[in-house]
There are 2 protein chains.
Amino acid sequence: MIRNLSKLERQKRIKEYISKDPFLSDKKLAELFNFSVQTIRLDRLEMGIPEMRKRIVQVAKNTPSTDKVKSLKKEEIIGELIDIELGKNGIAILKTTKDMAFGRTGIIRSHYIFSLADSLAISIIDTEVALTGIARLSYKKPVYAGETLVAKARVARNRGNKYLVSVHVKSDQKEVFTGKLVIFSVNDKVKKEKA
Amino acid sequence: MIRNLSKLERQKRIKEYISKDPFLSDKKLAELFNFSVQTIRLDRLEMGIPEMRKRIVQVAKNTPSTDKVKSLKKEEIIGELIDIELGKNGIAILKTTKDMAFGRTGIIRSHYIFSLADSLAISIIDTEVALTGIARLSYKKPVYAGETLVAKARVARNRGNKYLVSVHVKSDQKEVFTGKLVIFSVNDKVKKEKA
DNA sequence: TACCTATTATTAGCAACTATTAATTGTAAG
DNA sequence: CTTACAATTAATAGTTGCTAATAATAGGTA
């Protein structure tokens, strides 16, 4: 039984180590944990963790290529962009923490949710610069620190440089927020055409 | 079998291909250019281009870790509370900085302005816990990094635990944002319901 | 003809694996 | 105590995508 526990603990730690540093090879992990390379491999297989090279490829591919997201740099996005189809729709995830909440209740401050929705909405607009014009927000349910928010945005209408984007944010399948944002693309081409 | 590519041209193209897609192996490049793998390798060596694996690692390493959500600090958001009359009105000031702006244009991201308005609106409600329910936002003019925003909020209506707060944000006397927020004052009941 | 360049081939070796089989070790249960 | 079993380690063969070194080949030039 003692072995069972140590095995589980080791696997748990290996998982943590790898998630922190995907560049760790089995050899290095074996040295770190003072187990044989074979044991480490076995652990990885049991946990379904791919080999180092594939992990590195995953990390590299996860990099949003600059021409895929035009409006925002990676650093400017609140939350994590999961999927995006420029001009159509997109999904982003935000793991809420205590820092984002009211200390007394643990309820997430509304502007964090808006920030997630707003930056996602801007991300999906296929243009150089996008600005929010008008927004209607509706907070359905309080969100507590620790909950993971999934935001889905969709371009509902598009006339010229004016986009109507609807955003739905869910936590654990339940809708906690919806918003309709009117976003304007500010593109040099549009400006010239209009002028 | 006649290749219309000179050595220099081929190398130039290989460089382009790799810069576009760092995941190309020598084998794939050889197939693409209809040259032998050895020739491709020779070309890479001459141009000092590292092997595919090292290129992937490079891409992966300058990828900012995805779980590092850029969190907004409270101080940044709320601004400075200048004056407040609980249940009636309040004024807050926010000095905008480059961190709050789109790198390309220097325009302040909309959620910073909303955060100022939202937190001010919540502050003036005379209750333990206040939550935003519905909001209508209107961004009138872009705000540039460095400008100082003055937000004025006023309780327009109050029925029971429901408050309608209107917020006007000005930069240099000019209105840049207005918003109408419906805010609910709540007790610890909400927390208990959830738990 | 001898020389030169570009290209291609060949061979050995490496890192970091997968996949499989087998041996060893500890330990709990019959 | 012995057996059964899980965990661990070892050993072996094969893969990918390379490096490094050497050699062979084709084509053109002086």
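Everything numeric here is computed off the predicted structure, so don't read it as measured data. What's counted below: heavy atoms across the whole structure, side chains too, no hydrogens, waters or symmetry copies.
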> B:Ala60 and A:Phe23: which non-hydrogen atoms are nearest, and at how many Å?
Replying inline: CB-CZ, 3.8 Å

> Does the side chain of A:Asp118 come under 3.5 Å of the side chain of B:Ser110 through a donor N or O and an acceptor N or O?
Replying inline: yes

> Within the modelled atom types, does a donor on one side and an acceptor on the other bring the side chain of B:Arg53 and the base of D:dT16 under 3.5 Å apart?
Replying inline: yes

> How do B:Val37 and A:Gln38 order along DNA chain C: which one's closest nucleotide is nearer the 5' end?
Replying inline: B:Val37

> Contact class for B:Arg44 vs. all strands (heavy atom < 4.0 Å): base, sugar-phosphate, or nothing?
Replying inline: sugar-phosphate

>> Between C1' on C:dA16 and CD1 on B:Ile56, what's the gap in Å once rounded to a whole number?
In response: 14 Å

>> I need the CD1-P distance between B:Ile14 and C:dT7, as an integer number of Å.
In response: 10 Å

>> In this structure, how many angstroms lie between the P atom of C:dA16 and the CG atom of A:Leu24, rounded?
In response: 11 Å

> Can you tell me how far P of D:dG28 sits from NZ of B:Lys7, to the nearest Å?
Replying inline: 17 Å

> Picking from A:Lys170, A:Lys140, A:His168, what satisfies side chain to side chain donor-acceptor pair (under 3.5 Å) with A:Glu175?
Replying inline: A:His168

> Which whole-number value in Å describes the distance from B:Leu29 CG to D:dC18 P?
Replying inline: 9 Å

>> Whole angstroms only, please: what is the CZ-P distance between A:Phe35 and D:dA10?
In response: 12 Å

> Between B:Thr39 and C:dT7, is there a side-chain N or O to OP1/OP2 distance below 4.0 Å?
Replying inline: no

> Does A:Glu46 or B:Lys54 map to a spot on DNA chain D nearer the 5' end, using the closest nucleotide for each?
Replying inline: A:Glu46

> Choosing from C:dC17, D:dG17, D:dT8, which nucleotide comes nearest the side chain of A:Leu42?
Replying inline: D:dT8

> When we call it a touch if two heavy atoms are under 4.0 Å apart, what does B:Leu45 touch: a base, just sugar-phosphate, or nothing?
Replying inline: nothing

>> Strictly below 4.0 Å: does A:Arg10 bring a side-chain N or O up to OP1 or OP2 of D:dA7?
In response: no

> In whole angstroms, how far is the P atom of C:dT21 from the CZ atom of A:Arg41?
Replying inline: 17 Å

> Which comes earlier along DNA chain D counting from the 5' end, the contact point of B:Arg55 or that of A:Asn34, where each point is its nearest nucleotide?
Replying inline: A:Asn34

>> Output the rounded distance in Å from CG (B:Asp43) to P (D:dT19).
In response: 13 Å

> Should the pair B:Arg41-B:Glu46 be classified as a salt bridge under the 4.0 Å nitrogen-to-oxygen rule?
Replying inline: no

>> Which residue in the set B:Lys12, B:Lys15, B:Arg10 passes salt bridge (Lys or Arg N to Asp or Glu O under 4.0 Å) when paired with B:Asp43?
In response: B:Arg10

